[in-house]
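Okay, so here's the structure we're looking at.
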Amino acid sequence: MTDPAAVASIAEQYREAMNLGFIALLGTRFVKAEPDRVELELDVTPDLHQPYGIVHGGVFSSIVETAASMGAGLWFAGRGDVVGLQNTTHFLRAVRDGTLRAVATPIHRGRTQQLWLVEVTDDADRLVARGELRLANIESADRLAGGPSSP
């Protein structure tokens, strides 16, 4: 069972993270963040285009990863951390401008893994990308990538 206080604490950390690093660089915004559903928005700018003037596929993959990771982390709150293992994102329709909206919902949440579906739509509510993110539920992310607790 998810601890409401832990969920509130994690949600606040995510809100703060939206103003830092890569997530902020993309311009990603919270719309809704709950253990069963996350909604994000992202305004398309020329900085997010690939050479043909359309949104770079990495932007779609990034918003899939961000939305699903947030939902997974909120659901697993108080029990440890979550880390992405596999991101499969399908690009369905080119986008040049407007606002992208990502909605993440769980497909499976288990003891050691989670699988989330993320659908990305454009201003006309057309599906432009669809992704799945598989995550591992771990005790702590502190030791990953040479963190402070690494041997």
Considering non-hydrogen atoms only, spot the tightest contact between Val118 and Ala102 and give its length.
CG1-CB, 4.0 Å
Donor-acceptor pairs under 3.5 Å, side chain of residues 35-43 to any protein atom, not counting sequence neighbours: which ones?
unit_1, atom_1, unit_2, atom_2, d
Asp36, OD1, Arg109, NH1, 2.8
Asp36, OD1, Arg109, NH2, 2.8
Arg37, NE, Glu39, OE2, 2.6
Arg37, NH2, Glu39, OE2, 3.3
Glu41, OE1, Arg29, NH2, 3.0
Glu41, OE2, Arg101, NE, 3.2
Asp43, OD1, Arg29, NH2, 3.3
Asp43, OD1, Thr99, OG1, 2.8
Asp43, OD2, Arg29, NH1, 3.0

If you link ILVMFWY side chains whenever their heavy atoms are less than 4.5 Å apart, which other residues fall into the same cluster as Leu117? By chain and number, please.
Ile107, Leu115
Pair up each side-chain donor or acceptor in residues 4-21 with any protein partner under 3.5 Å, not counting sequence neighbours, and list the distances.
unit_1, atom_1, unit_2, atom_2, d
Arg15, NH1, Ala11, O, 3.4

Identify every side-chain donor-acceptor pair in residues 130-141 under 3.5 Å, counting partners at least two apart or on other chains, and give the distances.
unit_1, atom_1, unit_2, atom_2, d
Arg134, NH1, Gln113, OE1, 3.1
Asn137, OD1, Gln114, NE2, 2.8
Asn137, ND2, Gly110, O, 2.9
Asn137, ND2, Arg111, O, 3.4
Ser140, OG, Asp142, N, 3.1
Ser140, OG, Asp142, OD2, 3.3

May I ask you to list the residues sharing a hydrophobic cluster with Leu85, side-chain cutoff 4.5 Å, ordered by chain and number?
none
Under the salt bridge (charged side-chain N to carboxylate O under 4.0 Å, His left out) test, residues paired with Glu34 that sit two or more places apart
Lys32
Could you tell me if the side chain of Pro106 sits less than 4.5 Å from the side chain of Trp75, heavy atoms only?
no
Is it possible for you to say whether Leu100 and Val103 belong to one hydrophobic cluster, with membership spreading through side-chain heavy-atom contacts below 4.5 Å?
no
Partner of Val128 by side-chain contact (heavy atoms from CB on, under 4.5 Å), out of Asp123, Val55, Asp122, Leu92
Asp122
If I take atom OG from residue Ser61 and atom CZ from residue Phe91, how far apart are they, to the nearest 0.5 angstrom?
4.0 Å
Where do Ala129 and Phe60 come nearest, in terms of heavy atoms and distance?
CB-CD2, 3.6 Å
